[in-house]
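The structure appears below as structure tokens.
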2 protein chains.
Amino acid sequence: MIFSKTTEYAIRILTYMATDYEKLYSAKSIVDKLNIPNKYMRRIMTNLSKSNFIMSIQGRDGGYKFIKSPDNIYLAEIIDSVDGIDKYMGCVLGFNECSPKSTCAMHKSWTETKEKLYNTLSKTSLSNLIKNTIDKF
Amino acid sequence: MIFSKTTEYAIRILTYMATDYEKLYSAKSIVDKLNIPNKYMRRIMTNLSKSNFIMSIQGRDGGYKFIKSPDNIYLAEIIDSVDGIDKYMGCVLGFNECSPKSTCAMHKSWTETKEKLYNTLSKTSLSNLIKNTIDKF
DNA sequence: ATAAAATACTACAACAAAGTAGCATATAAA
DNA sequence: TTTATATGCTACTTTGTTGTAGTATTTTAT
Ligand code: SF4
Ligand code: SF4
């Protein structure tokens, strides 16, 4: 997998929640629907609640709901929030940084590839994702 | 990092070796030059020797050398040899496979992105990489 | 107030990836 | 044939990620 499990799970959870984006989802209802380990998922939810995407409501009848429209939540933001997008935007050879005078032949095409990837991620919103996914959950 | 450390190291080693592609390189000479943990690098070399890129010569005055021109060794092959390219060609959401009738809106752009990535990797040879990298080693 | 139903927190367990150590084996030069 | 110098192999350690367990806290309904 290109991204970490945690990131994959986060995207799946948020995508599922976006199918009825004003609803309040309990952790239990999400676990029952998606195939994500219970307690691990709780932790992800708690972390996501500290983001600007969703909020948690504690206590009886609590759960999670969006505080920002899924129209305006993009994959790149989610990945950045969970893992930090930089983790996936590094050099192929693992070098931290190359000075302009020592760029290798890979650099240009590699940079373009990464930009294309980043563009895809930063232009795809949760709302985009759920179109045509009725069969998925 | 997008790729595993092992893959990054493999690419760096082979790229370095390609700068003088007919030379026999001892493990020690590579370790001294590149910043890769000694024994870990040895293991990578042994594994690479079982690939079709390089061979090892044991015993005194031994080392490693190419058995295939770096002109014809592409990054995609190296990645495939070390980690298996499939590891990096999966779905963003971590799903194994989606039936044609349940593809999500992400699928098309994601597939395109992956293809672009794969194209870059499968068209960039080691020889391509070393051009303009004299400062690097 | 109390109980029920939810999330939050903390510590631990299991697993995989990365890195280390030591000994075995191979080979060429002396 | 011995020695020096190289790679090969196997088991271990460390570190990071993924997953589990139990308890604490929060809040609503009764
Ligand atoms: S120049 Fe080459 S080695 Fe340096 S960051 Fe760019 S791709 Fe990596
Ligand atoms: S349709 Fe969507 S969820 Fe399915 S494999 Fe393609 S990108 Fe992944």
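Lettering follows sequence order; numbering is per chain, from 1. Being a predicted model, the structure only gives us computed values, none of them experimental.
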[N] [atom2] sits how many Å from [X] [atom1], rounded?
{"X": "B:D83", "N": "C:dA18", "atom1": "CG", "atom2": "C1'", "answer": "12 Å"}
{"X": "B:I44", "N": "C:dA18", "atom1": "CD1", "atom2": "P", "answer": "9 Å"}
{"X": "A:M41", "N": "D:dA21", "atom1": "CE", "atom2": "P", "answer": "17 Å"}
{"X": "B:Y40", "N": "D:dT14", "atom1": "OH", "atom2": "P", "answer": "17 Å"}
{"X": "B:N38", "N": "D:dT13", "atom1": "CG", "atom2": "P", "answer": "20 Å"}
{"X": "B:N47", "N": "C:dA18", "atom1": "CG", "atom2": "C1'", "answer": "14 Å"}
{"X": "A:L48", "N": "C:dA8", "atom1": "CG", "atom2": "C1'", "answer": "14 Å"}
{"X": "A:L24", "N": "C:dA5", "atom1": "CG", "atom2": "C1'", "answer": "13 Å"}

Original post:
Does B:Y9 reach the side chain of B:N35, with side-chain heavy atoms less than 4.5 Å apart?
Top reply: no
Subject >> Flag side-chain contact, heavy atom, 4.5 Å: A:E112 against B:K116 >> reply: yes
Which listed nucleotide ([options]) is nearest to the side chain of [X]?
{"X": "B:Q58", "options": "D:dT7, C:dA28, C:dC9", "value": "D:dT7"}
{"X": "B:D61", "options": "C:dA8, D:dG19, C:dA28", "value": "C:dA28"}
{"X": "A:K50", "options": "C:dC9, D:dA29, C:dA28", "value": "C:dC9"}
{"X": "A:R42", "options": "C:dT7, C:dA18, D:dT28", "value": "C:dT7"}
{"X": "A:S26", "options": "C:dA28, C:dA6, D:dG22", "value": "C:dA6"}

Quick one about [Y] and [X] (side-chain donor to acceptor, distance below 3.5 Å, no hydrogens or angles considered), yes or no?
{"X": "A:T6", "Y": "A:Y40", "value": "yes"}
{"X": "A:D71", "Y": "A:S125", "value": "no"}
{"X": "A:S49", "Y": "A:T46", "value": "no"}

Original post:
Across the strands shown, which category fits B:G59 at heavy-atom distances under 4.0 angstrom: base, sugar-phosphate, nothing?
Top reply: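 Result for B:G59 = base.
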Original post:
Looking for any heavy atom pair under 4.0 Å, which part of the strands does A:S49 touch: base, sugar-phosphate only, or nothing?
Top reply: nothing
Original post:
Closer than 4.0 Å, any side-chain N/O of B:T46 to the OP1 or OP2 of D:dC9?
Top reply: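 False: B:T46 side-chain N/O out of range (4.0 Å or more) of D:dC9 OP1/OP2.
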Original post:
Counting only side-chain N and O atoms of A:Y9, is one of them less than 4.0 Å from OP1 or OP2 of D:dT18?
Top reply: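 For D:dT18, OP1/OP2 do not have a side-chain N/O of A:Y9 under 4.0 Å.
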**OP:** May I ask you to verify whether the side chain of B:R43 and the base of C:dG19 hold a donor-acceptor pair under 3.5 Å?
**Re:** yes
Original post:
If you find the nucleotide of DNA chain D closest to A:K39 and the one closest to A:R60, which residue's nucleotide is nearer the 5' end?
Top reply: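 The 5'-side residue here is A:K39.
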